[in-house]
Amino acid sequence: MTRTGPAKTVDRAYATGRLANARSYLQAARDSFALAREGSNANPVMSQIINSAIAFTDALTASRKSLVNQQDHGAAVKLLREAFGRDLPVAQERQLRRILEDKDEVQYGVSIGRYTEAEERLADLEAYAAWAERQLIGS
(Lines give C-alpha, C1' and ligand atoms only; values in the text may rest on other atoms or scores of the structure.)
Protein backbone atom coordinates (compact mmCIF):
# COMPACT_ATOMS: atom_id res chain seq x y z
CA MET A 1 0.00 0.00 0.00
CA THR A 2 1.28 3.48 -0.90
CA ARG A 3 1.43 6.04 1.87
CA THR A 4 -1.23 8.60 1.04
CA GLY A 5 -0.76 11.15 3.79
CA PRO A 6 -3.74 12.73 5.46
CA ALA A 7 -6.95 11.54 3.85
CA LYS A 8 -10.53 11.51 4.98
CA THR A 9 -13.29 9.04 4.33
CA VAL A 10 -16.25 10.32 2.33
CA ASP A 11 -19.40 8.78 0.96
CA ARG A 12 -19.78 8.14 -2.74
CA ALA A 13 -22.11 11.12 -3.14
CA TYR A 14 -19.14 13.35 -2.34
CA ALA A 15 -17.70 12.46 -5.76
CA THR A 16 -20.74 13.98 -7.48
CA GLY A 17 -20.32 17.30 -5.69
CA ARG A 18 -16.60 17.48 -6.32
CA LEU A 19 -17.13 16.67 -9.99
CA ALA A 20 -19.60 19.56 -10.28
CA ASN A 21 -17.03 21.86 -8.66
CA ALA A 22 -14.25 20.53 -10.90
CA ARG A 23 -16.29 21.33 -13.99
CA SER A 24 -17.05 24.83 -12.70
CA TYR A 25 -13.39 25.53 -11.91
CA LEU A 26 -12.45 24.25 -15.37
CA GLN A 27 -14.92 26.64 -16.98
CA ALA A 28 -13.63 29.49 -14.80
CA ALA A 29 -10.07 28.66 -15.90
CA ARG A 30 -11.12 28.72 -19.55
CA ASP A 31 -12.94 32.01 -19.10
CA SER A 32 -10.07 33.63 -17.19
CA PHE A 33 -7.53 32.48 -19.74
CA ALA A 34 -9.65 33.85 -22.59
CA LEU A 35 -9.48 37.28 -20.93
CA ALA A 36 -5.76 37.10 -20.07
CA ARG A 37 -3.10 38.74 -22.18
CA GLU A 38 0.61 38.07 -22.68
CA GLY A 39 2.46 39.93 -19.93
CA SER A 40 -0.43 39.91 -17.47
CA ASN A 41 -0.25 38.04 -14.17
CA ALA A 42 -1.57 34.55 -14.92
CA ASN A 43 -1.76 33.44 -11.26
CA PRO A 44 -5.56 33.84 -11.11
CA VAL A 45 -5.88 31.54 -14.15
CA MET A 46 -3.41 29.10 -12.62
CA SER A 47 -5.37 29.07 -9.35
CA GLN A 48 -8.53 28.03 -11.21
CA ILE A 49 -6.56 25.32 -13.03
CA ILE A 50 -5.13 24.00 -9.77
CA ASN A 51 -8.51 24.04 -8.01
CA SER A 52 -10.09 22.18 -10.90
CA ALA A 53 -7.38 19.50 -10.94
CA ILE A 54 -7.73 18.99 -7.19
CA ALA A 55 -11.51 18.71 -7.47
CA PHE A 56 -11.28 16.21 -10.36
CA THR A 57 -8.78 14.18 -8.32
CA ASP A 58 -11.07 14.23 -5.29
CA ALA A 59 -14.00 13.07 -7.44
CA LEU A 60 -11.90 10.21 -8.77
CA THR A 61 -10.56 9.03 -5.42
CA ALA A 62 -13.94 9.46 -3.73
CA SER A 63 -15.53 7.38 -6.45
CA ARG A 64 -12.90 4.63 -6.35
CA LYS A 65 -11.88 4.48 -2.69
CA SER A 66 -14.30 6.69 -0.72
CA LEU A 67 -11.24 8.75 0.28
CA VAL A 68 -10.07 12.27 -0.50
CA ASN A 69 -6.73 13.85 0.17
CA GLN A 70 -6.50 16.57 2.82
CA GLN A 71 -3.86 19.27 3.30
CA ASP A 72 -0.89 17.78 1.40
CA HIS A 73 -1.64 18.18 -2.28
CA GLY A 74 1.54 16.36 -3.18
CA ALA A 75 -0.03 13.28 -1.60
CA ALA A 76 -3.03 13.61 -3.93
CA VAL A 77 -1.04 11.98 -6.71
CA LYS A 78 -0.14 9.09 -4.41
CA LEU A 79 -3.76 8.58 -3.41
CA LEU A 80 -4.81 8.67 -7.07
CA ARG A 81 -2.13 6.07 -7.85
CA GLU A 82 -3.42 3.90 -5.01
CA ALA A 83 -6.99 4.24 -6.28
CA PHE A 84 -6.15 3.35 -9.89
CA GLY A 85 -3.02 1.25 -9.60
CA ARG A 86 -1.74 0.30 -13.03
CA ASP A 87 -4.88 1.73 -14.61
CA LEU A 88 -3.56 5.26 -13.99
CA PRO A 89 -1.92 6.34 -17.24
CA VAL A 90 1.53 7.87 -16.89
CA ALA A 91 0.41 10.86 -18.97
CA GLN A 92 -2.39 11.76 -16.56
CA GLU A 93 -0.16 11.31 -13.52
CA ARG A 94 2.41 13.60 -15.15
CA GLN A 95 -0.24 16.21 -16.01
CA LEU A 96 -1.53 16.26 -12.45
CA ARG A 97 1.99 16.58 -11.03
CA ARG A 98 2.79 19.51 -13.35
CA ILE A 99 -0.42 21.29 -12.39
CA LEU A 100 0.10 20.84 -8.64
CA GLU A 101 3.85 21.52 -8.50
CA ASP A 102 3.43 25.31 -8.51
CA LYS A 103 0.42 25.47 -6.17
CA ASP A 104 2.21 27.11 -3.25
CA GLU A 105 3.97 29.73 -5.36
CA VAL A 106 0.87 30.53 -7.43
CA GLN A 107 -1.54 30.77 -4.53
CA TYR A 108 0.70 32.00 -1.70
CA GLY A 109 3.84 33.41 -3.33
CA VAL A 110 4.75 36.74 -4.83
CA SER A 111 6.01 35.88 -8.30
CA ILE A 112 3.95 36.84 -11.31
CA GLY A 113 2.54 33.92 -13.27
CA ARG A 114 3.43 33.72 -16.95
CA TYR A 115 0.79 33.56 -19.66
CA THR A 116 2.62 30.78 -21.52
CA GLU A 117 2.79 28.63 -18.40
CA ALA A 118 -0.95 29.09 -17.83
CA GLU A 119 -1.54 28.08 -21.43
CA GLU A 120 0.50 24.90 -20.95
CA ARG A 121 -1.17 24.01 -17.64
CA LEU A 122 -4.63 24.63 -19.11
CA ALA A 123 -3.78 22.14 -21.86
CA ASP A 124 -2.67 19.67 -19.16
CA LEU A 125 -5.93 20.25 -17.30
CA GLU A 126 -8.06 19.78 -20.42
CA ALA A 127 -6.44 16.39 -21.05
CA TYR A 128 -6.62 15.36 -17.38
CA ALA A 129 -10.27 16.45 -17.12
CA ALA A 130 -11.23 14.52 -20.25
CA TRP A 131 -9.61 11.38 -18.83
CA ALA A 132 -11.26 11.93 -15.43
CA GLU A 133 -14.69 12.36 -17.02
CA ARG A 134 -14.27 9.05 -18.85
CA GLN A 135 -13.36 7.32 -15.60
CA LEU A 136 -16.34 8.77 -13.76
CA ILE A 137 -18.94 7.82 -16.36
CA GLY A 138 -21.06 5.08 -14.87
CA SER A 139 -19.29 5.10 -11.51
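On a predicted model such as this, the values are computed, not experimentally measured, just so you know.
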Check: Can you name the closest pair of heavy atoms from Ala118 and Val45 and give their distance?
Finding: CB-CG1, 4.1 Å

Notebook entry, point to check: When hydrophobic residues are tied together by side-chain contacts of less than 4.5 Å, even through go-betweens, does Leu60 share a cluster with Val68?
Noted result: no

Notebook entry, point to check: Any side-chain heavy-atom pair from Glu117 and Asp102 closer than 4.5 angstrom?
Noted result: yes

Notebook entry, point to check: What residues form a side-chain contact (heavy atoms from CB on, under 4.5 Å) with Thr116, not counting sequence neighbours?
Noted result: Glu38, Arg114

Next item on the list: Of all the heavy-atom pairs spanning Ser111 and Glu105, show the shortest one and how long it is.
Entry: OG-OE2, 2.8 Å

Notebook entry, point to check: Linking Ile, Leu, Val, Met, Phe, Trp and Tyr by side-chain heavy atoms under 4.5 Å, what else ends up with Tyr108?
Noted result: none

Next item on the list: Kindly indicate whether the side chain of Asn43, heavy atoms from C-beta on, has any atom under 4.5 Å from the side chain of Ile112.
Entry: no

Next item on the list: Could you grab the distance from atom CG of Leu79 to atom CZ of Arg81, nearest 0.5 Å is fine?
Entry: 12.0 Å

Note to self: Is there a side-chain contact between Glu133 and Arg23 in this structure, where contact means two heavy atoms from C-beta onward sitting under 4.5 Å apart?
What the structure shows: yes

Checklist line | Distance-minimising heavy-atom pair for Gln135 and Phe84 | finding: OE1-CE2, 3.8 Å

Notebook entry, point to check: Does a side-chain heavy-atom distance below 4.5 Å link Leu96 with Thr57?
Noted result: yes

Note to self: Could you check whether Arg97 pairs with Glu101 (Lys NZ or Arg NE/NH1/NH2 to Asp/Glu carboxylate O, under 4.0 Å)?
What the structure shows: no

Next item on the list: Give the minimum heavy-atom separation between Gln107 and Ser47, together with the two atoms involved.
Entry: CG-OG, 3.4 Å

Next item on the list: Working to the nearest 0.5 Å, report the span between CG of Asp58 and OG of Ser63.
Entry: 12.0 Å

Check: Is there side-chain contact between Val77 and Leu100, with heavy atoms separated by less than 4.5 Å?
Finding: yes

Check: Could you give the distance from CE (Met46) to CD1 (Ile50), rounded to the nearest 0.5 Å?
Finding: 5.0 Å

Next item on the list: May I ask you to check whether Ser66 and Tyr14 show a side-chain donor-acceptor distance below 3.5 Å?
Entry: no

Checklist line | Approximate separation, where rounding is to 0.5 Å, of Lys65 NZ and Thr9 OG1 | finding: 10.0 Å

Margin query: Does any part of the side chain of Arg37, heavy atoms only, come nearer than 4.5 Å to the side chain of Tyr115, both counted from C-beta?
Written below: no

Next item on the list: Among Leu136, Ile54, Val10, find the residue that satisfies the side-chain contact (heavy atoms from CB on, under 4.5 Å) test when tested with Arg18.
Entry: Ile54

Notebook entry, point to check: CD of Glu126 to CZ of Arg121: how many Å apart, nearest 0.5 Å?
Noted result: 13.5 Å

Item checked: Short side-chain donor-acceptor distance under 3.5 Å, Gln48 and Ser32 -> no

Next item on the list: Kindly give the heavy-atom pair with the smallest separation between Asp87 and Trp131, and that separation in Å.
Entry: O-CZ2, 4.4 Å

Notebook entry, point to check: How close do Ala29 and Leu122 get, heavy atom to heavy atom, and via which atoms?
Noted result: CB-CD1, 4.1 Å

Note to self: Under the criterion ring-ring contact (aromatic ring centres under 6.0 Å, His included), I'd like the reasoning laid out for Phe56 against Tyr25: C-alpha separation, chi angles, the key distance, then a yes or no.
What the structure shows: CA-CA 10 Å; Phe56 273 114; Tyr25 284 128; 9.7 Å; no

Check: Taking atom NZ of Lys8 and atom CD of Gln70, what is their separation to the nearest 0.5 Å?
Finding: 5.0 Å

Next item on the list: For the residue pair Asn69 and Thr61, establish whether any side-chain heavy-atom pair is separated by less than 4.5 Å.
Entry: no

